[in-house]
2 protein chains.
Amino acid sequence: MRTKVPQDGGRSLAEMVAARIREQVIHGGFSPGQHLSEAELSDSLEVSRNTLREVFRVLTKEGLLRHEPNRGVFVATPDMATIVDLYRVRRIIQVEILEQAFSGHPAVRKMREAVERAKEAREAGDWLVVGSADLAFHGAIVALADSPRLDAFFSHVLAEMRLAFGLLSEPELLHSPFIELNEEILKLVELGKRSEAASRLEKYLVNAERVVLGAFTRH
Amino acid sequence: MRTKVPQDGGRSLAEMVAARIREQVIHGGFSPGQHLSEAELSDSLEVSRNTLREVFRVLTKEGLLRHEPNRGVFVATPDMATIVDLYRVRRIIQVEILEQAFSGHPAVRKMREAVERAKEAREAGDWLVVGSADLAFHGAIVALADSPRLDAFFSHVLAEMRLAFGLLSEPELLHSPFIELNEEILKLVELGKRSEAASRLEKYLVNAERVVLGAFTRH
DNA sequence: AATAGATTATTTGTTGAACAACAGAAAGCC
DNA sequence: GGCTTTCTGTTGTTCAACAAATAATCTATT
């Protein structure tokens, strides 16, 4: 299947190939643990092997691929240890950020938009959009800290979470129960009740971790 | 100056070239903002341009280099915004980790070793080692969280801090006053007084940020 | 039938040359 | 001096080649 990456003014080909593969990894276009052959993929994407290797280095740094010297590159395989670590990271970062949040911050608007979008998508039964909105809500929490480094790091965390969620076939179970909770956290932030919001978020994360680990166990 | 990277059993050439350049960036072998010419550097390191490009992608992701499409790669230039963000990241991550630390954790030993090493190096007047020990102390704090992702992220934070410190010519000012404070934090952790340790660390970070920003202003 | 060792095939890691595209510098014109 | 055009140098990408490492296959032994 030849799928040449179209040119998008301004962006380098490597960037676009990276975006393409990132998208495919996150949305299950490759199997977990799948080996990505340089020769095959460069052929099907119609790019040179060297360009693809640059892309592999970048996506490996983002945690979506795993590079083993002399053996090649594999799609990352989130396992239970991954889930545990991701939620640990989130508990440390998100909770602390919320403890220091202020309600007038522009990112609160993004949190609100994400909650509304999730509710609409739930009515329409579009669980993929619900999931995206849920994760966007959490990215917006991190954006409260005004830290480009934390934003970038957390975007990798979210990408890995999407990858992990993609392994599970229960989007409704993963996201639906948390829409009301997100709204509650949002309201607390809007009211300036930071400690309560942080406490609520921590409970949410502990719960969500349990749910996700449970779903992993059933696989 | 031709400086071929020696072969080191098992590691790929790209990895070793990355390590070489990382070392040079951190220790001031290049000027801040310096443009790194692919042609020149591949020639002087005696590696192919393609290999070097892979390395550039990796180090760019680590924050040590800045890649501008079609213009090339430049050594990162920590400015005051960088310092502000790095300390913000540290306040969010390190303080929260310390709030949850337990005194029996193996990383407490690393913290202790770093403090001892700093004290010895201070006696010997070796401020570079004092600085490394100080940063290792902080890496050990993060290691208390047992999170590979936070460890990796923080190692980049530390590399950027080293780069920033390298711009300043006052190692004594940057590190000496904090050896006793590190020991105090260590003692509190060893005694299980987490909140006090966290509070102490927060004050330290606020102070250190001021000192570093002050030194930047004088440059 | 299972295992170990040898051989073969495939893939990755690296190189170097080539060329198109882009950015910056230099030259020319008003 | 300012603007435009041309030139130069560098980056981005491609391709072909080859060495090294790993995986797959085959053969021999128990």
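First the proteins, then the strands, lettered A, B, ... as listed; each starts at 1. Keep in mind that what you see is a predicted model, and the values were worked out from it rather than measured.
Summarising the geometry, the separation between CD on B:E68 and C1' on C:dG24 is reported as 13 Å, rounded to the nearest angstrom. Whole-Å rounding puts the A:D43 CG to C:dT12 P distance at 13 Å. The distance from atom CZ of A:R11 to atom P of C:dA21 is 20 Å, rounded to the nearest whole Å. Straight-line distance from the CG atom of A:L36 to the C1' atom of C:dT11: 13 Å, rounded to whole Å. The CG-C1' distance, from B:N50 to C:dT12, rounds to 14 Å in whole Å.
In this structure, CG in A:L98 is found 11.0 Å from CD1 in B:I92, a value given to the nearest 0.5 Å. Distance check: B:E116 CD to B:I179 CD1 gives 11.0 Å after rounding to the nearest 0.5 Å.
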request  = Could you give me the CA-CA distance, side-chain angles and deciding distance for B:T51 and B:S48, then say whether side-chain contact (heavy atoms from CB on, under 4.5 Å) is met?
outcome  = CA-CA 5 Å; B:T51 301; B:S48 130; 4.0 Å; yes
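Across all strands shown, B:N70 has heavy atoms under 4.0 Å from sugar-phosphate atoms exclusively, and none from any base. B:L52 comes within 4.0 angstrom of nothing in the nucleic acid, heavy atoms only. At a threshold of 4.0 angstrom between heavy atoms, the contacts of A:V47 are confined to the sugar-phosphate backbone, with no base atom among them.
More than 12 heavy atoms of other residues, nucleotides or ligands shown are found within 6.0 angstrom of CG on B:L213.
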What's touching nucleotides 23-25 of chain D from the protein side, N or O pairs under 3.5 Å?
| residue | atom | partner | partner atom | Å |
| --- | --- | --- | --- | --- |
| D:dA23 | OP1 | A:R71 | NE | 2.4 |
| D:dA23 | OP1 | A:R71 | NH2 | 2.6 |

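With C:dG13, D:dT11, C:dT14 as the choices, the nucleotide that has an atom nearest any side-chain atom of B:R49 turns out to be D:dT11. In the set D:dT10, D:dG12, C:dT15, the nucleotide with an atom closest to the side chain of B:H35 is D:dT10. Considering only the side chain of B:S37, D:dT11 comes nearest among D:dT11, C:dG13, D:dT14.
Under the 6.0 Å cut-off for aromatic ring centres, A:H138 and A:Y204 qualify, their centroids lying closer than that.
Ion pairing between a basic and an acidic side chain is recognised when a charged N comes within 4.0 Å of a carboxylate O; A:E209 and A:R90 show no such pairing. Between B:R117 and B:E113 there is no salt bridge, since no side-chain N of the basic residue sits under 4.0 Å from a carboxylate O of the acidic one.
When the side-chain nitrogen and oxygen atoms of A:T51 are compared with OP1 and OP2 of D:dT14, one or more of them lie within a distance under 4.0 Å. An OP1 or OP2 oxygen of C:dT12 is reached within less than 4.0 angstrom by no side-chain nitrogen or oxygen of A:R53. In terms of phosphate contacts, B:H67 brings no side-chain nitrogen or oxygen within less than 4.0 Å of OP1 or OP2 of D:dT11.
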